[in-house]
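Quick note on labels: first sequence line is chain A, next is B, and so on, each numbered from 1. The analysis underlying the following values was restricted to heavy atoms, covering all of them including side chains, and did not include hydrogens, waters or symmetry mates. None of these values were measured; they are calculated from a predicted model.
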Protein chains: 2
Amino acid sequence: MDKFDFDQFLTRVLQHPTFEQCGVELHYKKGDHLFSQGEVCRDVFCMRSGLVKFYFNTLEGKEWIKSFIVDKGVLGSRSSQLLEMASPFSALCLEDTEVVRFPYKRFEEVCFEDLELARTIFQFSQWLGLKKELREYQLLCLSAEEGYQAFVDANPTLVDRLTQIDIARYLGITPIALSRIKKRLA
Amino acid sequence: MDKFDFDQFLTRVLQHPTFEQCGVELHYKKGDHLFSQGEVCRDVFCMRSGLVKFYFNTLEGKEWIKSFIVDKGVLGSRSSQLLEMASPFSALCLEDTEVVRFPYKRFEEVCFEDLELARTIFQFSQWLGLKKELREYQLLCLSAEEGYQAFVDANPTLVDRLTQIDIARYLGITPIALSRIKKRLA
DNA sequence: CATTTTTATTAACCTAGGTTAATGCACGCT
DNA sequence: AGCGTGCATTAACCTAGGTTAATAAAAATG
């Protein structure tokens, strides 16, 4: 469960009659938003390919990146889905991205009818929990330099698909600081 | 779902025949560990009263606090439960604490038999996800001063039960820095 | 009740990272 | 091709927080 099999996950979910019926295939271009901070977005996005960043815009006009979703995955705004609240963050495509979109409520309903699917989704949410735990650890315990190294080690191919600005915003530092760190390490 | 009803949760879980049978009531004293970093702990702890901190010890000999569990809650080490890995953090009682302990595997098994319980646990894990999202936001986007204010606002009564050291370790700063922040705010 | 052991505060100094601004590159665009 | 926009680097300066250390108050501990 260290790595999660999204191919299998997507197959299982998207083959389900409910989602074959209510799922909408969408092709987003680089620069498009899946949803934006401040909106309520009750959907689930099953991502087949592409690259998406979740980011916050602060009151001081700064941007911080919550996470990247790479190639395949499942995404959405939890607080919108569960509490019908405005999403606290935006989802922006950094590359052309293909998704199937459907309402979260359907997802929840199906979960309690189809035990096999419930199990699959349970596994996904456990995996996500582990990832979030790691992120929390890195933000809390690692210096900027350690955090950068950990990010590069864990995502060797992703690094080349991102700007230094976005990597820095993910680590919680400025691009200038990241430039200095890279110089220090080289 | 903004606040989670642990009274109801604990009642439902602990009334279940499986946990009435395999659950062990334990009374920990202030200073006791529920489990320690480096050990595998496959248990779930249903907490009835007390105060527990989850903390990391880094290689440089520093301590950082992952979270506090206050009064009532459910806790354990996810990576131990799911992956049978050594826990990356320790759980220490800051006050006398009463729990019921049982193996996580049982928990998982029961979930797939008892749909009502599965629903309850699903709600809990969603609530936990929301909490972790907020924590991620605060670590990533807030300054130490903003983080302290947010912590005090969200946990007005908890603050008096913690030392300044532990609050600082939770915010990711030193107690000295927190002392300066308090002075600045007063 | 006296004695360690923790905790909180403050001061002096240090350092990593933030800020502003200038420069040179590498693109995507018409 | 030529233009503009965004990206990466570097420098100079500033600031929040880290470090060490001294002090005093408050808790545990016997």
Query raised in the report: Is the NZ or CZ atom of A:Lys66 positioned over A:Phe89's six-membered ring, under 6.0 angstrom from the centre and within 45° of the axis?
Result: yes
Report summary line: When rounded to whole Å, the CG to P distance for the pair B:Leu139 and D:dG17 reads 14 Å
Query raised in the report: Would you say B:Gln164 reaches C:dT9's phosphate, i.e. side-chain N/O to OP1/OP2 under 4.0 Å?
Result: yes
Requested in this report: Return no unless some side-chain N or O of A:Arg169 is found under 4.0 Å from OP1 or OP2 of C:dG18.
Outcome: no
Query raised in the report: Among the nucleotides D:dT19, D:dT9, D:dA28, which one has an atom lying closest to any side-chain atom of B:Arg180?
Result: D:dT19
Query raised in the report: Quick one: B:Leu92 CG to C:dT6 C1', roughly how many Å, whole number?
Result: 15 Å
Query raised in the report: B:Lys30 NZ to C:dT5 C1': how many Å, rounded?
Result: 13 Å
Requested in this report: Just compare D:dC7, C:dG17, C:dA8 and give me whichever is closest to any side-chain atom of A:Ile181.
Outcome: C:dG17
Query raised in the report: Under 4.0 Å between a side-chain N or O of B:Ser179 and OP1 or OP2 of C:dA8?
Result: no
Report task. Please report the C-alpha distance between B:Asp96 and B:Lys30 in whole Å, then the side-chain angles of each, then the deciding distance to 0.1 Å, and finally whether the salt bridge (Lys or Arg N to Asp or Glu O under 4.0 Å) criterion is met. Result -> CA-CA 5 Å; B:Asp96 292 1; B:Lys30 176 176 176 178; over 6 Å; no
Query raised in the report: Among C:dT19, C:dT10, C:dA8, which nucleotide sits nearest the side chain of A:Ile176?
Result: C:dT19
Query raised in the report: Of the candidate nucleotides D:dG17, D:dA28, C:dT19, which contains the atom at the shortest distance from the side chain of B:Arg184?
Result: D:dG17
Requested in this report: Take A:Thr120 and A:Arg12 through the test side chain to side chain donor-acceptor pair (under 3.5 Å) and record every step on the way to the result.
Outcome: CA-CA 8 Å; A:Thr120 303; A:Arg12 282 195 188 165; 3.0 Å; yes
Query raised in the report: Rounded to the nearest Å, what distance is computed from the CD1 atom of residue B:Ile165 to the P atom of nucleotide C:dT9?
Result: 11 Å
Requested in this report: Could you please name the option among D:dA21, D:dA8, C:dT7 that lies closest to any side-chain atom of A:Thr163?
Outcome: D:dA8
Query raised in the report: Roughly how many Å is it from CD1 in A:Ile167 to P in D:dC7, rounded to a whole number?
Result: 12 Å
Requested in this report: Would you mind classifying the nucleic acid contact of A:Lys62 as base, sugar-phosphate or nothing, using non-hydrogen atoms under 4.0 angstrom?
Outcome: sugar-phosphate
Report summary line: In whole angstroms, the gap separating C1' of C:dA26 from CG of A:Asp160 amounts to 16 Å
Query raised in the report: Is the distance between the ring centroids of B:Phe122 and B:Phe124 less than 6.0 Å?
Result: no
Report task. Round to a whole Å and report the spacing from CG of B:Leu162 to P of C:dT6. Result -> 18 Å
Report task. Name the closest nucleotide to the B:Lys183 side chain, picking from C:dT10, C:dG17, D:dG17. Result -> C:dT10
Query raised in the report: When you measure from the centre of the six-membered ring of B:Tyr170, is the NZ or CZ of B:Arg135 under 6.0 Å away and within 45° of the axis?
Result: yes
Query raised in the report: So what does A:Gly172 touch, heavy atoms closer than 4.0 Å: a base, only the sugar-phosphate, or nothing?
Result: sugar-phosphate
Query raised in the report: Starting at CG of A:Leu178 and ending at P of C:dG17, how long is that distance when rounded to a whole Å?
Result: 10 Å
Query raised in the report: Which nucleotide, D:dG18, C:dT9, D:dT9, lies nearest any side-chain atom of B:Ile173?
Result: D:dG18
